[in-house]
Structures are given as structure tokens and as C-alpha cells.
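Okay, so here's the structure we're looking at.
When a residue number appears, it is its place in the shown sequence, counting from 1. Atoms within each ligand, like the ligands themselves, are counted from 1 in listed order. Just so you know, these numbers use all the heavy atoms, side chains as well, and skip hydrogens, waters and symmetry mates.
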Amino acid sequence: MGSRFLNSLYSNMCPYIPGEQPKDRQYIRLNTNESPYPPPPAALTAMAEAAERPLNRYNDPDCTAITAALAAYHQVSPEMVFVGNGADEVLQYALLAFVGPGTPACCPDITYAYYEGYFQSFALPHRIIPLRDDFSLDVEAFAQAREQVVLPNPNAPTGLCVPPEQIERILAADPERLLLLDEAYVDYGGQTCLPLLERYSNLLIVRTFSKSRNLAGGRLGYAVAPPELIRDMNALKAVLNPFNLSTMAQQLGLAVLAEEDYFRRCLDQIITAREQFSRELTDLGFTVLPSCGNFVFVFHPRLPGAELYRRLKQDGVLTRYYAKPRIDAWLRISIGTAEEMSLTAELIRRLVAELG
Ligand SMILES: *Cc1c(COP(=O)(O)O)cnc(C)c1O
């Protein structure tokens, strides 16, 4: 409950609950889908240089250099790129701009909790479209929806992804309806829908540096969309927080984006570890959804998600459990280093062995 002064518009606030960061001991953190790898060394040099720019001067409100670099990287014009303080801020501006009383939204029931939290907090009209029993996306239901569509691809926490043809089906079904596509995890094996921007003007794609770019604490995300949509988001940013991206974050982004080989090497290691870990858990009797992310969503018929979460935490491994209908027997486990994953697999092997 808020104070007696709180704007009555916010009486429904329903905060996103980040993964726990307990401080009582050292944990292996497999609960927030961070990268286990640091950003490339060049990022630290860039930070130090940024701090010398002098910091008593304002940062570039237009984020010119990082916007241009992202545009070049994706081969789009800079007018098609919006950068923000993490993908969450980018999502915030996109939802603020494109979802409202006259423009309701829809999203899946099992997905990134930020979307529904946002809709509920600001009492925005929205409809939840359930995933199928096997957690696959009901593409036809989204294609038929009248509301603006908010979807992550790959989805979280399931890790399942759909090919661009299915996303295109949603775009083509109604060109007057916007599709906000969250590609936070696309680098781990999904297929990007960026090329669809050449043919569809109702698509807005959100990306983040927090996962595959090893930069969760640096806070950098961006959107790629037709220029008129980016202009709307920039107009809102100019009202709310014109200097949204610090000098350090802008320089970090530039440096990290330039280290393509490092980026690819980290991705390869995560994907290799994910496949290995998935095989090990499958051998132990788990159902492991085929993941396109840096995490796996797992189920064991005799070891409920809540129990597995609790036991692993006792053993020093944090994972993400959701006490939510349909997925309360499941557990999401982020992919760390190969060593972290073999240790975790070993702990799980012992827990399964205890079942007799
Ligand atoms: C992590 C995540 C985000 C937010 O990323 P930040 O850039 O750290 O704000 C957005 N969408 C999805 C699906 C995510 O998993």
C-alpha cells in the first residue's frame, strides 16, 4: 500500500520481482540469466576514458555514437534505433508510447513477468493469451488478436522459440496492430526478426546487452523499429529523462559492440554448456524444454521445482522458481560456466539418487 499522498492511478502497483541476491554466503548464481563471463577487457578501458570526459558535463542526450554503431551493426538507419537504460527502460518507453486505454495489449500467460506487471500497475487494458499445454505459442490466437501484441522470442522462462515465419504471420494478419517483439535471448539460438522490418512497419524489436553481451550491470538496451515509432519513443524520453543513458553506459556499449569475436566465443561456451547440461538432466529423468536461451526450464516427475530450488540453494546454487499456475512444478536454471554446470548437474544427480 502506498502513502496517503500516492496518486490514485498507482494503487494497483505490482512490481517486477528480480532474482534474489542473498549475501549470507557465496552462491553460484543461476537465477537471473546473467552471463557468467565479464565484458571484454576493452570495456573497462572505455569506462575509464568515459570518466575522464569530464563527468561534470552532461552526457550526449541523443546517444549519437552508440546509436550509429548499433545502426551500422544491424544495417539499418540510425533513425530506426532507440537506446535506453536496459531493455526494461526501452520496454517502458515502448509500452508507454503504444499501449493505453484506446490501444490495449495482449501477451502470453507464461512469459517475462515485466509486461503483465506493467499493465496491472498502470491499470492498462490487456488480455492474457495462454500458451498451449506444451508451452508452445498459439500463433493463430495472436494473429487473430485485436490488441497490440507483446511477445518475447525466444520466450522466457520456457526458452522456446518460434521461427520468423510464424512471427510474420502475426505481423501480416493486421498491419494496423503493433507487434512488440522482445529478442532479449535471440543470440543463443533463436532467429532474429530484424529482416522483417524491411517489409513490415508494425514491428518493434527490443534487444539487451544484459545477457549475451555480458553487461547486465552496465544497463544498456535498445529498440529497432520504423523511424516514426522511434520518434514517438524519443519524444517521451525527452519529457521523462532526456539524459537516460550515462556517458559510461554509452562508451561501454560502443566498446562491447566492437568485440565481436569475444561475444561469439562467450555465446559458443554458453550454448555448449547448455546442451551438455540438458543431456545430463534428461538422462536423470528430467523433461528439459529445448532452449534457445541461456537457461533451461526443467521438470522432474518426482522432484518438484520448489523442492529442487530449495535443495540447490542449501548447496549454494541459486535457481529461479515460479509459484505460478501451470509452471509451479518446474524450475528455470540459467547456464553458467561449464564448471558451474557440471557441479550443478552433480548436485542434482545426488538429489535424484536420494529418491531411491
Ligand atoms: C532480462 C530481460 C529483459 C531486460 O533486460 P535489461 O536490459 O537487463 O533491462 C527484457 N526482456 C526479457 C525477456 C528479459 O529476459
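The protein heavy-atom contact nearest to atom 14 (C) of ligand 1 is Lys211 NZ, 2.9 Å. In terms of protein heavy-atom proximity, atom 15 (O) of ligand 1 is nearest to Tyr185 OH, 2.5 Å. Scanning the protein heavy atoms around atom 12 (C) of ligand 1, the nearest turns out to be Asp182 OD2, 3.4 Å.
The proximity of Glu89 to ligand 1, defined as any non-hydrogen pair under 4.0 Å, does not occur for either the backbone or the side chain. Heavy atoms of Tyr114 found under 4.0 angstrom from ligand 1: none, in either backbone or side chain. When heavy-atom distances to ligand 1 are checked against a 4.0 Å cut-off, Ala87 comes that close through both its backbone and its side chain. Counting heavy atoms under 4.0 Å from ligand 1, residue Asp88 touches it through both backbone and side chain.
Using modelled atom types, one finds a donor on one side chain and an acceptor on the other under 3.5 Å when comparing Asn155 with Thr111. Judged by distance alone, the side chains of Asp182 and Tyr114 never bring a donor and an acceptor atom under 3.5 Å apart. Counting only N and O atoms by type, the side chains of Ser136 and Asp134 include a donor and acceptor under 3.5 Å apart.
Of all the atoms in ligand 1, the ones that sit under 4.0 Å from a non-hydrogen atom of Ser210 are 6 (P), 7 (O), 8 (O). Taking every non-hydrogen atom of Ala184 and a distance limit under 4.0 Å, the qualifying atoms of ligand 1 come out as 11 (N), 12 (C), 13 (C), 14 (C). Distances below 4.0 Å separate heavy atoms of Gly86 from the following atoms of ligand 1: 7 (O), 9 (O).
Among Val83, Leu245, Asn244, the one residue that satisfies the side-chain contact (heavy atoms from CB on, under 4.5 Å) test with Glu89 is Asn244.
Geometrically, ligand 1 and Tyr112 share no nitrogen or oxygen pair separated by less than 3.5 Å.
To the nearest 0.5 Å, the span separating CG on Leu30 from CD1 on Ile333 amounts to 7.5 Å. Rounded to the nearest 0.5 angstrom, Met80 CE and Leu197 CG are separated by 4.5 Å.
Within 6.0 Å of atom CZ in Arg4, 12 or fewer heavy atoms from other residues, nucleotides or ligands are found, so the atom counts as exposed in its surroundings.
Arg213 forms a cation-pi arrangement with Phe263, by the criterion of a distance under 6.0 Å to the ring centre and an angle within 45° of the ring axis.
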